Amino acid sequence: MKNWKRYTVTSALPYANGPLHIGHLAGVYIPADIYVRYLRKRGKDVIFIGGSDEHGVPITIKARNEGISPKEVVDRYHTIIKESFEKLGISFDIYSRTTNKTHYETASDFFKKLHRNGNFIEKTTEQYFDTEANQFLADRYITGTCPHCSNEKAYGDQCESCGTSLNATDLINPKSTISGSKPVLKETSHWFLPLDKYEQFLRNWILDEHKEWKTNVSGQCKSWLDMGLQPRAVSRDLDWGVPVPVSGAEGKVLYVWFDAPIGYISATKELTKDWERYWKDEDSRLIHFIGKDNIVFHCIVFPSMLKAEGSFILPDNVPANEFLNLEGDKISTSRNWAVWLHEYLDDFPGKQDVLRYTLCANMPETKDNDFTWKDFQARNNNELVAILGNFVNRTVVLTHKYFEGKVPPKGTPGDYEREVEKTILSLKTDIEQSIENFRFREAQKTLMDIARLGNKYLADCEPWKIYNNEPAKVGTVLYYSLQIAGALTTLCEPFLPFTSQKLQKLLNVQTQKWEEVGNISALNEGQAIETAFLLFEKIEDAEIERQVQKLLATKKQNEQISLPVTPAKPEITYDDFMKMDIRIGTVLEAGRVPKTQKLLKLKVDTGLDIRTLISGIAEYYTPESIIGKQVCILANLQPRNIKGTESKGMILMAEGPDGVLKLVSPAELSANGSLVK
RNA sequence: GGCGAGGUAGCUCAGCUGGUUAGAGCGCAUGAUUCAUAAUCAUGAGGUCGACGGUUCAAGCCCGUCUCUCGCUACCA
């Protein structure tokens with residue numbers, strides 16, 4: 001095991017076009033914060049880097065839609081995000097943003113160096129250009145008809161109706177969302193990072209040299225590497241972002257994926273003059289906390305960039321988490337299916353640690369996990385209140401009852417006390433092991449075991465029973481109970497920083513150095529402690545019910561929003577219509593097309609002939625269920641080769657707003673070849 | 001269709017390079033207890049380890065086939 005001199009810990013930069021929800025917290029920031037707080041307590045040299053990712057097309061679109069500038073958009077969300085982090089105790093050493101000056105310089109320099117080194121390839125491609133607005137159009141600025149599902153509101157990069165990823169040039173009837181005009185293709189040149197050249201290096205580095213990475217992470221990387229990497233554009237034609245710092249690149253900015261991870265470096269620069277030690281010294285350990293959606297960028301793309309640059313260290317580990325669901329459904333910003341942090345903070349004031357605790361206990365470390373309000377309540381009432389809060393409370397109350405609120409003399413410890421001491425130390429070691437292996441759920445559970453130990457110790461010794469006969473023994477028992485609480489004060493700090501604060505106040509102590517925890521000297525004999533106050537309060541059913549109702553209302557609202565009906569198409573003439581030869585036919589044979597998910601191969605009697613056609617309906621109809629059915633066929637559609645079979649014609653389907661396809665059939669049995677008009 | 005991750009008690013999860021009666025927390029049941037926010041402590045019930053087949057003296061762990069969930073990817077009217 002390498003002896004690291006310092007730690008550079010980054011957490012994914014949240015995209016500044018919306019507020020944060022519990023998924024962000026559970027996936028990235030809670031584990032990162034626990035890790036960092038732990039390292040600090042151990043006296044390690046560690047910096048914790050965060051910041052808002054403020055470039056990219058979605059932000060410019062949001063700005064345009066709201067009639068404000070991109071800067072105003074990111075200012076608004078950066079503020080909200082930053083405030084949520086602060087209130088939840090995410091202890092960044094710096095929370096920066098990618099729109100500040102340092103970042104522009106850093107990202108520019110980075111690009112320039114790679115450019116000088118000849119690490120990029122320059123390619124000229126044709127892209128859509130809006131002649132009215134006089135600018136190139138990013139994919140998201142182009143809408144048109146999806147060539148696959150005919151959705152008329154497909155974007156240039158993806159059709160959200162059928163989920164297909166597209167190239168802008170695939171769209172039928174492309175339209176600029178800026179001016180509404182029809183864009184024209186125009187040549188533009190861009191720089192590409194040839195990821196394929198780093199494939200071998202990545203393969204060795206990830207799959208051979210970092211076998212300790214989480215299986216979900218290395219598995220995902222292997223999948224990407226096996227598919228083969230392609231050169232990736234690092235620039236875009238856009239006016240929002242870091243300008244490409246070479247001559248002849250006017251109107252071009254760095255692609256957001258290129259500029260965002262450099263944000264980690266820029267933020268470090270802002271934090272300390274000594275930044276290079278954290279990024280270039282082989283004794284520095286770089287750790288990226290991210291969600292699984294970011295694996296490819298942090299394990300493939302960014303390392304390739306760093307490798308190309310040459311002077312930087314590479315991440316030693318990328319402990320990516322899976323996703324958190326909410327009450328059984330995917331968290332979704334557009335459907336408002338989320339618990340927003342700023343709302344939580346309003347609804348549950350002073351309960352930051354309850355959320356931190358619940359999210360840590362349910363952290364999606366190995367697979368997607370589910371957050372439910374019922375579980376939130378149970379964790380609070382049955383664990384934080386009943387085990388941790390209760391142990392501390394009974395200890396403090398007993399101390400006041402028998403010793404006037406002063407730490408009693410240690411007296412003569414017996415076997416039990418020695419056992420308690422040993423157990424605390426061993427649990428502490430377990431916590432260390434778990435955290436260092438990024439097993440935060442396990443670490444937190446072990447933390448609670450210490451409170452459990454305290455409860456059991458009290459129950460076994462029964463100081464309230466023996467006080468009349470053995471007051472000195474009671475002193476010893478409470479002395480040890482208080483020391484357990486003292487140990488908890490420090491050990492809980494990474495997980496429950498606000499509770500640690502409360503404990504310090506209650507016990508009238510400071511946290512110890514991590515190394516000293518468990519040495520039964522957190523509190524001194526005779527020292528006064530505060531009168532008891534509660535660390536945690538029970539959460540009543542009514543409060544939970546309110547939150548559940550809130551979500552139910554959202555769900556109801558979502559259901560009522562009828563999915564948008566595709567808007568009317570432009571008027572056509574009767575002649576246009578008559579060009580189409582639509583006929584009734586009968587399906588004679590049907591079978592799946594091998595190696596596809598959606599395709600059926602059909603043999604149909606059209607009256608004119610018996611022909612073969614391919615139809616993408618396998619998700620809705622089995623071959624058996626469609627044989628013998630009468631269908632409508634567009635018979636004079638240009639044949640097309642699909643998966644090695646010539647498809648002559650198209651079966652007409654009714655597509656619901658949800659994308660579900662249904663056969664269109666004549667209401668009564670009709671002769672094959674009947675004309676539909 | 002290809003690739004990746006996952007499917008272990010009601011819930012959330014552990015199970016190391018295969019080895020005695022498969023573990024923990026929460027929940028549940030019973031008992032004890034009253035210092036404590038009806039909190040705590042003890043005991044217990046509860047699992048054909050997704051399904052089937054195979055390798056082995058021995059499989060939750062290895063191999064094969066299938067199935068379900070999530071993600072990436074391909075194809076797609």
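Source: prediction; values computed, not measured. Labels below follow one simple rule: chain letters A, B, ... track the order of the sequence lines, proteins then strands, and each chain is numbered from 1.
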Asks: With a 4.0 Å cut-off on heavy atoms, is A:Val385 in touch with a base, just the backbone sugar-phosphate, or nothing at all?
Replies: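 The answer is base, as A:Val385 lies within the cut-off (heavy atoms under 4.0 Å) of a base atom.
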Asks: A:Phe391 near the nucleic acid: base, sugar-phosphate alone, or nothing, with a heavy-atom cut-off under 4.0 Å?
Replies: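 Counting heavy atoms under 4.0 Å across all strands, no contact is made by A:Phe391.
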Asks: On RNA chain B, compare the nucleotides closest to A:Asn369 and A:Tyr457; which residue's is nearer the 5' end?
Replies: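 Per heavy-atom nearest nucleotide, the more 5' residue is A:Asn369.
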Asks: Which nucleotide, B:C70, B:G25, B:C41, lies nearest any side-chain atom of A:Lys445?
Replies: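 Taking heavy atoms from C-beta onward, the closest nucleotide is B:G25.
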Asks: Please report the C-alpha distance between A:Lys214 and A:Asn321 in whole Å, then the side-chain angles of each, then the deciding distance to 0.1 Å, and finally whether the side-chain hydrogen bond (donor to acceptor under 3.5 Å, both in side chains) criterion is met.
Replies: CA-CA 9 Å; A:Lys214 291 170 68 168; A:Asn321 275 333; 3.1 Å; yes
Asks: Just checking, any donor-acceptor pair under 3.5 angstrom between side chains of A:Thr446 and A:Asp430?
Replies: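 Distance-only check fails for A:Thr446 and A:Asp430.
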Asks: Between C1' on B:C72 and CZ on A:Phe323, what's the gap in Å once rounded to a whole number?
Replies: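 Interatomic distance, CZ of A:Phe323 to C1' of B:C72: 11 Å.
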Asks: Please list all pairs meeting ring-ring contact (aromatic ring centres under 6.0 Å, His included) that have one or both residues in residues 459-480 of chain A, counting only residues at least two apart or in different chains.
Replies: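 Applying ring-ring contact (aromatic ring centres under 6.0 Å, His included) to every pair that reaches into residues 459-480 of chain A, excluding sequence neighbours, yields A:Tyr402-A:Tyr467.
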Asks: Is a side-chain donor or acceptor of A:His400 paired with a backbone partner of A:Val397 at a separation under 3.5 angstrom?
Replies: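 Between the backbone of A:Val397 and the side chain of A:His400 there is no qualifying donor-acceptor contact (under 3.5 Å).
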Asks: Hey, what do you get for CG (A:Leu503) to CG (A:Leu488), rounding to the nearest 0.5 Å?
Replies: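 If I round to the nearest 0.5 Å, the distance is 7.0 Å.
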Asks: Check each of A:Asp375, A:Asn369, A:Asp370 against A:Asn362 using the side chain to side chain donor-acceptor pair (under 3.5 Å) test, and report the only one that passes.
Replies: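 Looking at A:Asp375, A:Asn369, A:Asp370, the match for A:Asn362 under the side chain to side chain donor-acceptor pair (under 3.5 Å) is A:Asp375.
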Asks: May I ask you to say what A:Asn382 touches in the nucleic acid, namely base, sugar-phosphate or nothing, with a heavy-atom cut-off under 4.0 Å?
Replies: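 Sugar-phosphate contact only.
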Asks: Write down the protein N/O and nucleotide N/O pairs, taken from nucleotides 29-32 of chain B, whose separation is under 3.5 Å; answer none if there are no such pairs.
Replies:
none

Asks: Counting the atoms with a prime plus P, OP1 and OP2 as sugar-phosphate, which does A:Ala386 contact under 4.0 Å by heavy atoms, base, sugar-phosphate, or nothing?
Replies: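 Sugar-phosphate, no base atom in range.
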Asks: Go nucleotide by nucleotide along RNA chain B from the 5' end; which of A:Arg439 and A:Asn381 gets its closest nucleotide reached first?
Replies: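 It is A:Arg439 whose nearest nucleotide is closer to the 5' end.
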